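Computed from a prediction, not measured in an experiment: that's the story for all the values here.
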Amino acid sequence: MNELSMEVRIQGQNRRALIMKNPVMTASGTFGFGKEYAAFYDLNKLGAIAVKGITLEPREGNPPPRIIETPSGILNSIGLQNPGIEGFVRNELPFLRTFNTPVIVNISGNTIAEYALLAEKLDTVEGVSALEINVSCPNVKEGCLAFGINKESLFNVVKKTRENTTLPLIVKLSPNVTDIVEMAETAEQAGADAISLVNTFLGTAIDIYKKKPIFANIVGGLSGPAIKPIALRMVWEVYEKVNIPIIGMGGITDWKDAVEFILAGASALAVGTANFINPNTPLEIIDGIQSYMAAEGFKNIEEMTGYAHPPA
Amino acid sequence: MHIDTSATVISNKKIIPEHYKMEIYSPQTASSAKPGQFIHIKTSRTTSPLLRRPISIYMRDKKRGIISILYKTVGTGTSLLTEYKPEDTIDIMGPLGNGFPLGDEQNRIALAGGGVGIAPLVFLALEASQLKKQVIFIQGAQCKTTLIETRELKDAGCIVETATDDGSAGFHGFPTELLKKYLEKERIDTVYSCGPTPMLKTIKKISLENKIQTYISLEQKMGCGIGACLGCACRVLVNESQGSTYKRVCADGPIFPAEVVVFDE
């Protein structure tokens, strides 16, 4: 039993690494800045916390309604409501620093220069353990998703961000592309240290009596159990072609989902929508993975990662 | 705030068409609940519907560790709730939200509720009566058959008035019109309201015209219910220099001073 290790290490540059005590993190946008969930459990138990997406300036977000429930899923159109980088560092980060859990800051920009500036500003901020580039938010008019669905702009945004940070750099990809593998390879070539797979799927819903889309922005992002099989397939495909670690996410609701993602090729995973229904989900998943490893004879996460793939 | 995955249903009865009262045994929730707060209920054991449903606390019995809710069947989640039987366990989270501010002065307050919106006001009226406040409780309903029994309020010494849209019981008209009549003839210190949005808009207008402190309970589609997902936004005035901003109905509300709520964007 003593030999069982759940530690996950994502190596960055300049000898900086994201070291997680277990593979379970919370997905950006579903966990605020941790305060709300700290009322339910000790955040020290998490592998990492990916905070709500941050932009240079504060953003007030989209008009309501912002959430539509769908079969086993939700569509959201929050619109990156956030206090901006200054507000985040001043008002939110001090609380997160009180925990021994790495904080991953998810960043979004309207232009490549904005990503670069955010990366530069956060590079030496105490309490920031990694950056996650968001090139996949479907809910803002400019930038963001536009960078995630075009190979060339993805390469440029990742490269420029890379040049401005020594932190471990994660790229959160959009699944709204024809070939996810190509996008993952592009991120790797541009200098990413890991890939988050996947952000939400574009969707919409129509009010049949008002006879118009429910969201002011027309489209929103679909998450929850409904997308799990697609996210899992994408992790599988990317694992076959890319060498950097994959953080799997998309509808993970219990430890069995989590184990599937690891066996498909994820080195770590994030819990998103499930936090809304059961705040204790991440802890239950950590326990579940540990029991599974003990029962199935896995000694560490690395050994388990991609285990379902046929031997090369 | 906590999750009680083993709360127990004590009773679940239809009281008028489409409206049910459910009593739930959850001592921790009952002991900490404040009027205006809600519980977030997982209605299904499967992933459909996926999200919890926020429902106001209607009454509570601290001694017996029981809270009750009043709900109307409007969709899949609330329809599933009707299937719960006594002794079933039910997964609830709460109490959530800020609750109605209720000073301890022995003053006069008026509560105006429409439809199922009377639920949090009943809890408020009962608490306020215990604080020796004079409570005027105005219930609005479509017609006589959709009026909800309020014997508890009369027993507690509240003045109970009813208004029906079709005049089949009590005052013929909206509860807001009845509230106006009260404000014209006597001193009321604070108004509290919960109900459909058009009603709350009128309440806000009355509040501004009469310069009377008013608190309203807002509703919005919710995700997490605890303030993390930012799904249930409502526009609220901050101050003149900063203008308005989005607040979270679940965590900053659901109770807001009427004058700060921006209804039409």
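- Of the charged side-chain nitrogens involved, none lies within less than 4.0 Å of a carboxylate oxygen, so that A:Lys52 and A:Glu92 do not count as a salt-bridged pair.
- If you measure heavy-atom distances from A:Thr30 to chain B, the contacts under 4.5 Å come from the backbone alone.
- Of the options B:Glu23, B:Lys21, B:Lys85, a side chain to side chain donor-acceptor pair (under 3.5 Å) to B:Ser11 is made by B:Glu23 and by none of the others.
- Rounded to the nearest 0.5 Å, atoms CZ (B:Arg52) and CZ (B:Phe38) are 11.0 Å apart.
- Atom CZ in A:Arg66 sits 10.5 Å away from atom CZ in A:Phe215 (nearest 0.5 Å).
- Contacts with chain B were tallied for A:Asn278, A:Ile277, A:Ile67; A:Ile277 has the most, counting heavy-atom pairs under 4.5 Å.
- Judged by distance alone, the side chain of A:Asn44 and the main-chain N or O of A:Phe99 form no donor-acceptor pair under 3.5 Å.
- Annotation: maximal heavy-atom pairing with chain A below 4.5 Å, among B:Gly225, B:Cys229, B:Ser48, B:Gly223, occurs at B:Cys229.
- Only the backbone of A:Phe31 comes within contact range of chain B, with at least one heavy atom under 4.5 Å from a heavy atom of that chain.
- Of the residues considered (A:Pro65, A:Ala39, A:Gly73), A:Gly73 shows the highest number of contacts with chain B, using heavy-atom pairs under 4.5 Å.
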